Amino acid sequence: MTLTEKILARAAGKPSVQSGDNIWVNADVLMTHDVCGPGTIGVFKREFGQTAKVWDKNKIVIIPDHYIFTADSKSNRNVDILRDFSREQGIEYFYDVIDDSNGHWVFDAAKGNMKRQYGSRYAGVCHTALPAKGHTRPGEILFGTDSHTCMAGAFNQFATGIGNTDAGFVMGTGKLLIKVPETMHFRLEGKLQPGVMAKDIILHCIGEIGFDGATYRAMQFDGEGASNLSIDDRMTIANMAIEAGGKNAMFEFDSRTAEYVDARVKLNGTKSTYTPVERDKNEKFVYELVVDLSKLEPTVACHPDPGQRKKAKDMGDTKLDRAYVGSCTGGKTSDFVEFAHILRGKKVVIDTFGVPATPDIVNDLQSTYWGNSTIWQILVDAGVQMTENAGCAACLGGPVDTFGRINKSGIKCISATNRNFPGRMGDKESQVFLASPMTVAASALTGKVTDPREYLGN
Ligand code: SF4
């Protein structure tokens with residue numbers, strides 16, 4: 001069996017499964033957020049009754065993160081619905097925007113959208129917060145009401161996005177019927193060259209197979225090249241499996257995984273036991289691709305989908321209007337570090353936005369000094385509009401007052417996010433080009449798509 005099949009077999013209580021089998025699996029964690037949470041709760045109450053109790057209050061994690069820093073009253077109300085439900089059900093892992101458990105969330109537009117407006121428990125973007133708060137464990141099953149739930153495949157976990165109806169069912173029973181996906185094999189060899197990042201690896205792979213090339217399939221990444229990658233890098237790659245239509249992503253368990261997971265579950269007091277899965281000698285794959293990381297170059301996915309692959313160095317005539325770094329994919333501390341390496345001591349020439357994925361990342365950037373300046377200050381000095389209000393922000397557009405949202409037609413934006421279908425970041429006539437944080441930085445300096453290797457060592 002492949003790693004994905006092994007986890008699914010275990011969760012189904014079967015000695016083995018194969019692709020195409022329909023099996024009932026037990027969930028270890030169900031995650032939802034402010035956009036899908038109210039709908040999921042509605043399905044749960046409708047199907048199980050107004051006074052029903054969730055299947056396991058310790059296995060439900062609720063993370064408001066999407067439409068938070070907006071004056072849109074319906075969006076603010078969604079956070080209140082999550083709070084009421086969490087209180088009613090005794091759900092501990094609700095990462096509220098405010099500290100008052102009897103209060104109401106109201107975004108104060110008069111304070112602007114740069115200064116933080118959240119309480120001590122707010123966690124930021126769900127997929128980045130889940131592992132950081134100790135909710136991802138190797139060998140487990142994670143369902144989330146969000147397509148990028150596959151990001152947790154970085155931790156040797158079966159993690160996949162589900163709709164509100166399925167999530168309402170999981171909420172009531174802890175089970176879900178799953179068709180076992182076929183597995184595609186991406187063997188990574190060698191090491192990335194300077195100026196090339198994990199984002200370039202996944203953009204390369206999606207470019208090979210197309211934006212629907214992995215539809216309802218597992219994408220397994222392994223090999224020496226994968227084991228050399230940091231956890232953040234693996235998260236970037238796993239996050240974008242869905243951009244090729246993938247059901248889930250999967251990495252092997254190793255000492256880096258153990259070190260990360262063990263530290264986070266200890267810090268947060270979450271469940272500390274888990275059983276990873278290891279590779280069999282006779283795994284069956286439906287597709288094989290060997291990727292020599294040392295040969296990859298800075299890569300861009302052009303409008304209008306993540307499979308439109310080009311090399312950054314061949315796109316110098318593509319003029320840009322804005323640049324954006326943020327999201328679960330591209331808003332981690334390591335992403336901002338590479339972004340800042342290119343921008344340090346220089347000035348951007350187009351509107352450039354920075355949105356850390358979580359409050360912890362804001363703190364990292366504001367407390368890490370390079371010389372006399374913090375990374376945060378270096379970015380601000382370079383002209384980047386940095387918001388402390390960590391969250392999804394303009395990654396998926398959102399209400400019109402969302403920080404960084406594209407509200408004008410014809411805008412071309414280079415972005416470290418993960419999806420670029422028409423209208424993704426706002427106006428339907430805008431265009432989004434996906435790239436690594438380093439490529440976004442270099443492009444922000446020139447106002448056109450630029451290979452970041454031009455700025456290495458400067
Ligand atoms: S940051 Fe973007 S991709 Fe990630 S969860 Fe939020 S909206 Fe989805």
Side-chain angles (χ1 to χ4, degrees), residues 31-37 40 61-70 72 75 78-79 82 95 97 118 122-133 135-136 142-154 159-164 167 198-199 202-203 206 211 232 235-246 248-249 301 305-306 324-333 335-336 353-362 387 389-399 402-406 413 415-421 423-426 432 434-435 437 440:
M31 185 280 296
T32 190
H33 52 49
D34 57 297
V35 174
C36 297
T40 296
V61 181
I62 302 182
I63 308 181
D65 59 352
H66 275 62
Y67 301 156
I68 305 304
F69 304 107
T70 167
D72 178 71
S75 301
N78 276 349
V79 181
L82 301 179
Y95 294 94
V97 183
Y118 46 76
Y122 178 66
V125 181
C126 55
H127 310 300
T128 320
L130 268 174
K133 297 293 181 188
H135 298 296
T136 52
L142 164 70
F143 293 121
T145 60
D146 191 282
S147 63
H148 294 101
T149 302
C150 54
M151 186 160 174
T160 194
I162 59 175
N164 294 356
K199 184 64 164 287
I202 188 63
L203 291 179
I206 298 171
F211 76 101
D232 274 8
M235 287 166 73
T236 300
I237 293 169
N239 177 288
M240 288 189 67
I242 186 60
E243 302 310 328
N248 68 302
D305 72 66
Y324 186 101
V325 164
S327 83
C328 43
T329 330
K332 304 181 288 304
T333 300
D335 294 312
F336 278 98
F353 301 87
V355 188
T358 69
D360 287 346
I361 295 168
V362 173
T387 179
N389 287 320
C392 296
C395 171
L396 83 164
T402 300
F403 181 77
R405 186 184 193 277
I406 301 176
C413 174
S415 177
T417 54
N418 49 26
R419 190 167 280 173
N420 63 344
F421 296 118
R424 171 67 179 180
M425 294 184 75
V432 175
L434 304 175
V440 173

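Order of listing sets the numbers, starting from 1, for every ligand and every atom in it. Computation of the quantities below employed the complete heavy-atom set of this structure, encompassing side-chain atoms and omitting hydrogens, waters and symmetry-equivalent molecules. If you're wondering where the values come from, they're calculated on a predicted model, not measured in any experiment.
- When each atom of ligand 1 is checked for a heavy atom of R424 under 4.0 Å away, the hits are 2 (Fe), 3 (S), 7 (S), 8 (Fe).
- Annotation: side chain to side chain contact (heavy atoms under 4.5 Å, CB included) contacts of D360 (sequence neighbours excluded): K133, T358, N363.
- When only modelled atom types and interatomic distance are considered, T417 and S327 share no side-chain donor-acceptor pair under 3.5 Å.
- With contacts defined as side-chain heavy-atom distances shorter than 4.5 Å, the pair R419/I242 qualifies.
- Within the protein, the number of N, O or S atoms lying under 2.8 Å from atom 2 (Fe) of ligand 1 is 1.
- Listed by chain and residue number, nothing satisfies the ring-ring contact (aromatic ring centres under 6.0 Å, His included) test with F143 (two or more places apart in sequence, or in another chain).
- Across the listed options H127, H33, M151, E243, H127 owns the non-hydrogen atom lying nearest to atom 5 (S) of ligand 1.
- A side-chain donor-acceptor contact under 3.5 Å links H66 and D146.
- Atoms CD1 and OH, on I68 and Y122 in that order, are 5.5 Å from each other to the nearest 0.5 Å.
- The ring-ring contact (aromatic ring centres under 6.0 Å, His included) test applied to H148 returns no partner, not counting sequence neighbours.
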